Amino acid sequence: MKRSNLLVRSPPPSRHPNCRRYSSSGDTPLRPKCLASLVRRSTAETIPKILRSRPATDFTPSLASETLKLLWNDSQKSLLLFESLVATHPTSLSLASFNLAIDVAARSRQFSAVTSMICRMRSMGINPTLRTFSIVMERYVLAGKPERAIKVFTFMHEYGCPQDLHAFNTLLDVLCKAKRVEMAWDRVFKVFARRFAADRVSYNIIANGWCLVKRVGKALEILKVMLRKGIEPSSSTYNVVLKGFFRAGQVEEGWKFFLEMKKRKCGVDIVSYTTVVHGLGVAGEVGRAQKVFDEMAKVGILPSVATYNALIQVLCKKDSVKNAISVFNEMRRKGYTPNVTTYNLLIRGLCHAGHRDRAMEYMESMKKEDCDDNTQDDGDGSRPNVQTYNLLIRYFCDAGEIERAMSSFEEMNRGDYCLPNLDTYNILISSMFVRKRSEDLIVAGKLLVEMVERGFRPRRFAFNRVLNGLLLTGNQGFAQEILRMQSKFSHLPRQFKL
DNA sequence: TTAACGAGCA
């Protein structure tokens, strides 16, 4: 498949404004955005050559890991960069870069590549940590192979990572977060609890697992077991159950539990308040949510950005986006810095109310704040992320503004903030069927090709839909091409070995 | 190492 065929092209060869001399060696240090852009426009053959042409001093561990982060949604290119760095500048690879590469490989189910990366990092004197193994375990669970995750846990000490309580809790958490709480309880907790001396955190994780599948009764049972065993519940334990009630739609039970927590002084904190503001609000009890929010100042618990976000979301969903904007302005006046979630909530609220132009203004201020802000202390600050782009694209598509959606997509595809993910492609491909135009179906086909090239696995449904569309509009040749890609794609090796 | 704000599916 020639990329030049693609209507939805990879980024134009625009130089990043911060990057004056990225294609030849010079005295300007290489920045992550420039290296990412360079890698995306190069091939497996040229990437190592380009890397060799630059002085070794350019390749710091942070350049390597930041660039891999930017290439997160292009698994092919990020793995190519990783392999090329191994060959040309191995000292630039830190634990962080290995973890990123392992995550990307595992996400596309290349588990044998994961094993070799772990062996390679050890041979380079970088020991895989629990973080490394939690990535692998999580990917196995998400790939529908939870028993493999358990196996990784039983083997990991052979790869230099201690099997301890911390690791035990991490495995429990990985399973519970993927809603495999029964497996976590029966196959891990019961089997290993004594050996690793399960603690309060272990029980909290299980209680949370039950709450995630909306079985608060089971979480309360865990609470009883803790009390029986003399393990004192923490504020996290109570907050988990509190959230569980609201998540399960048991609003009044949640409210009673909150009152009881206050009465018995069991660690009511900022998390409990945020949970209640959000829980009451999304259940439509906006007045009560607002009252709880106002109560915080009186009891001396100041709201955090997350609390403001909860209130803003509630107002957008159940009240008016106008009031949400007032709260947003108020939080800024008080000196809070909105994060990417705050902006995404407002942008979604505005789009939902049909104000897409105003939503775009907030998008622009996010980008502006990113330029003004050099500190970036918590990593991503308020830069637009994949959710920001996806929600804008989704609303543009829903409103029939396909061109606007495509222009946001192209901007995203420049890769200054993030690259399109599976959701982005799914949203756009679906929207290509609304106008019933032959040219739209070609775009859908090209998007499908591009997503496969970047390591995403479209559902069979997407393949069939695009194929049918192309055949019906007389694009037999392109349909054949996609069919060939699909047959190759479905035979990708699915090795599960570690 | 666990808990709050985001996060969809044929």
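So you know, we letter chains A, B, ... as the sequences are listed, proteins then strands, and number each from 1. Here the structure is a predicted model, which is why all the values come from computation and not from measurement.
- Between B/dC9, B/dT2, B/dA4, one nucleotide has an atom nearer to the side chain of A/Val201 than all others, and that is B/dT2.
- If you measure from atom CG of A/Leu345 to atom C1' of B/dA4, you get 13 Å, rounded to the nearest angstrom.
- If you take CD1 of A/Ile393 and P of B/dG8, they are 14 Å apart, rounded to a whole angstrom.
- Rounded to whole Å, the distance from CD1 on A/Ile427 to P on B/dG8 is 8 Å.
- Contacts with DNA chain B (heavy atom under 4.0 Å) in residues 242-266 of chain A: A/Lys243, A/Arg247, listed by number.
- Distances shown here put a side-chain N or O of A/His278 below 4.0 Å from the OP1 or OP2 atom of B/dC5.
- Going from atom CZ of A/Phe461 over to atom P of B/dG8 covers 17 Å, rounded to whole Å.
- Looking at A/Asn390, A/Asn413, A/Asn73 one by one, the single match for side chain to side chain donor-acceptor pair (under 3.5 Å) with A/Thr424 turns out to be A/Asn390.
- Under 3.5 Å, the side chains of A/Ser304 and A/Thr307 contain a donor-acceptor pair of N or O atoms.
- Within residues 282-294 of chain A, no residue approaches DNA chain B, by heavy-atom distance under 4.0 Å.
- Using a 4.0 Å heavy-atom cutoff across all strands shown, A/Asp423 reaches sugar-phosphate atoms only and no base atom.
- At a threshold of 4.0 angstrom between heavy atoms, the contacts of A/Thr275 are confined to the sugar-phosphate backbone, with no base atom among them.
- For A/Ile270, the side-chain atoms get nearest to B/dA4 when compared with the rest of B/dC9, B/dA4, B/dT1.
- Residues from residues 297-326 of chain A lying near DNA chain B, meaning a heavy-atom separation below 4.0 Å, are A/Ser304, A/Ala306, A/Asn309, A/Gln313 in numerical order.
- The OH-P distance, from A/Tyr203 to B/dT1, rounds to 21 Å in whole Å.
- For the atom pair CD1 of A/Ile312 and CD of A/Glu330, the computed distance is 9.5 Å after rounding to the nearest 0.5 Å.
- In this structure, a donor-acceptor pair under 3.5 Å is present between the side chains of A/Ser272 and A/Asp269.
- Remark: C1' of B/dT1 and CG of A/Leu130 are 8 Å apart, rounded to the nearest angstrom.
- In this structure, A/Arg460 reaches neither bases nor backbone, as no heavy-atom distance under 4.0 Å exists between it and the strands shown.
- Distance A/Asp164 CG to B/dT2 P: 14 Å, rounded to the nearest Å.
- A/Arg247 places no side-chain N or O within donor-acceptor distance of the main-chain N or O of A/Lys214, the cut-off being under 3.5 Å.
- Inspection of the A/Asn385 and A/Thr388 side chains reveals an N or O donor paired with an N or O acceptor under 3.5 Å.
- A donor atom on one side chain and an acceptor atom on the other are found under 3.5 Å apart for A/Asp199 and A/Ser202.
- Between the side chains of A/Ser234 and A/Thr237, at least one donor N or O sits under 3.5 Å from an acceptor N or O.
- Listed nucleotides: B/dA3, B/dT1, B/dG6. Nearest to the side chain of A/Thr341: B/dG6.
- When only modelled atom types and interatomic distance are considered, A/Thr342 and A/Asn339 share a side-chain donor-acceptor pair under 3.5 Å.
- A/Asn344 comes within contact range of no nucleotide atom at all, as no heavy-atom separation falls under 4.0 Å.
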Under the salt bridge (Lys or Arg N to Asp or Glu O under 4.0 Å) rule, what do A/Glu253 and A/Lys256 come out as? Steps first, then yes or no, please. CA-CA 5 Å; A/Glu253 287 87 341; A/Lys256 274 189 217 142; over 6 Å; no

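- In this structure, A/Arg200 reaches neither bases nor backbone, as no heavy-atom distance under 4.0 Å exists between it and the strands shown.
- The nearest whole Å value for the distance from the OH atom in A/Tyr395 to the C1' atom in B/dG8 is 12 Å.
- Under the 4.5 Å side-chain criterion, counting only non-hydrogen atoms from C-beta, A/Arg107 is in contact with A/Val104.
- With hydrogens and angles ignored, the 3.5 Å screen pairs no side-chain donor or acceptor of A/Gln163 with any backbone N or O of A/Met156.
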